[in-house]
Asks: 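One structure is given below, represented as structure tokens, and several questions about it will come after.
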Amino acid sequence: MATVTYDKATRIYPGTERPAVDQLDLHIEDGEFLVLVGPSGCGKSTSLRMLAGLEDVNAGRIMIGDREVTDVQPKDRDIAMVFQNYALYPHMSVADNMGFALKIAGTPKAEIRKRVEEAAKILDLTEYLDRKPKALSGGQRQRVAMGRAIVRQPQVFLMDEPLSNLDAKLRVQTRTQIASLQRRLGVTTVYVTHDQTEALTMGDRIAVLKDGLLQQVGSPRDMYDTPANVFVAGFIGSPAMNIGSFQVVDGAAQLGQTRIPLERSVVGSLTPEDRGHITIGFRPESLDLVTQAQEGAIPVKVALVEELGSDAFVYGDLVGAGAAAKDIHSGAGDARVIVRVDPRRVPAKDETIWVSVRPGERHVFSASTGLRIAV
Ligand SMILES: Nc1ncnc2c1ncn2[C@@H]1O[C@H](COP(=O)(O)OP(=O)(O)OP(=O)(O)O)[C@@H](O)[C@H]1O
Ligand SMILES: [Mg+2]
């Protein structure tokens, strides 16, 4: 087992100007499950492939434990990778698929058999060892791909969207299996996904990337409670956080009829670049239904209610905000305010509800830099 360290690791693909991964600094603890997450093209796979040795590092370095591996051949890095497209050999049995890398490495037959049987037991594949991949379900094939990595007893597991070929239900099941398996084996793991729910549920820590730049690293709780900037705020959480650009007037943030009083320190942090504006975020679950009379109550006209059984979400528009209504949206891009409501008492379409942001559950960001302002 080992730690993994990216030290200003940079990848610039030939013929491109902007780095796909730009000076990545990231330290992963021994035995830790770290999830790299971000939108398509942000550099997740490139980061993982640099660690695997499948992609050149143009600047900076990569360490596994105390050993610098920046220029070490992939086969000498003592890692095992599980890809999205886990391509099993169709003509080989499950056991042969799982043991293939060991066979190539010249491991004695008895040792291979032992490790394959152990892995099969862990993965619940014992009864399928003699089958061919085509006679397995998608989830079973995925487990064979995991088994192929486990038998190698590597220092580090690398996984690139290993669940994306599975249907929604199997994905949820398999993600808990992988997470608990990783904890049992205690092998340092770097796991790539674009799915923030997967990141929140699986990782000890999450690293969010955007345009090749690391935005924030922290525990799922950190990322959810104290997003470092507007991007992370909008990316982590489902449905996404409501994010609005408010005008600062007389010590309060104002948008249409909505007035949210601000701490003095927040008002004091405004710079000329902010042009008198501040960005405020609040999650759908941080809003309470209140009466119109309540100070600071925000009127929302219900456009749509999404009922999920355990939860219900109102998608609505700010009332009376006029042209300013476009200044608030959910981080996911919907031009609407999202409010979680009691699923047993959902409002009707076109009704106006009044909501207020629960104290301590609002997020304040600089309008010009997008960075979190500590309050
Ligand atoms: N071989 C390549 N040559 C040139 N550019 C590349 C190459 N591979 C990837 N890129 C670019 O590098 C950036 C990062 O790509 P990468 O595959 O790491 O993204 P990703 O985060 O894994 O995305 P996805 O979620 O879609 O898999 C993208 O802009 C991509 O177009
Ligand atoms: Mg990728």
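Counting starts at 1 for both ligands and their atoms, in listed order. Remember, predicted model here, so these are calculated numbers, not experimental data.
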Asks: Is there at least one protein heavy-atom neighbour under 4.0 Å from atom 30 (C) of ligand 1?
Replies: no
Asks: Could you check whether Arg283 pairs with Glu361 (Lys NZ or Arg NE/NH1/NH2 to Asp/Glu carboxylate O, under 4.0 Å)?
Replies: no
Asks: Looking at Asp195, is its backbone amide N or carbonyl O close enough to the side chain of Thr193 to form a donor-acceptor pair, meaning the two atoms are under 3.5 Å apart?
Replies: yes
Asks: For the OG1 atom of Thr10 and the CG atom of Asn58, what is their distance to the nearest 0.5 Å?
Replies: 7.5 Å
Asks: For ligand 1, which is the ligand I care about here, please tell me if Lys44 has any N or O atom under 3.5 Å from one of the ligand's N or O atoms.
Replies: yes
Asks: Quick one: are Val69 and Met63 in side-chain contact, heavy atoms under 4.5 Å?
Replies: no
Asks: Return the closest protein heavy atom for atom 5 (N) of ligand 1 as residue, atom name and distance.
Replies: Tyr13 CD1, 3.3 Å
Asks: Is there a side-chain contact between Thr188 and Gln155 (heavy atoms, below 4.5 Å)?
Replies: no
Asks: Do the ring planes of Tyr191 and Phe33 sit parallel (below 30°), tilted (30 to 60°) or perpendicular (above 60°)?
Replies: tilted
Asks: Checking a contact table here: which protein heavy atom is nearest atom 17 (O) of ligand 1, and how many Å away?
Replies: Ser45 CB, 3.8 Å
Asks: If you measure every N or O of Thr46 against every N or O of ligand 1, does any of those distances drop under 3.5 Å?
Replies: yes
Asks: Got an N, O or S from Ser45 under 2.8 Å of the Mg ion (ligand 2)?
Replies: yes
Asks: Considering only non-hydrogen protein atoms, determine which one is nearest to atom 26 (O) of ligand 1 and report residue, atom name and distance to 0.1 Å.
Replies: Ser40 OG, 2.5 Å
Asks: Measure the spacing between CZ of Arg340 and CD of Glu306 and express it to the nearest 0.5 Å.
Replies: 13.0 Å
Asks: Atom 12 (O) of ligand 1: which protein heavy atom is closest, and how many Å away?
Replies: Ala20 CB, 3.3 Å
Asks: Determine, using heavy atoms of Cys42 and all atoms of ligand 1, whether some pair is separated by less than 4.0 Å.
Replies: yes
Asks: Considering only non-hydrogen protein atoms, determine which one is nearest to atom 28 (C) of ligand 1 and report residue, atom name and distance to 0.1 Å.
Replies: Gly41 O, 3.6 Å
Asks: With a 4.5 Å limit on heavy-atom distance, are the side chains of Asn229 and Gln215 in contact?
Replies: yes
Asks: Answer yes if a protein heavy atom lies under 4.0 Å from atom 24 (P) of ligand 1, otherwise answer no.
Replies: yes
Asks: When only distance counts, is Pro14 in polar contact with ligand 1, meaning an N/O pair under 3.5 Å?
Replies: no
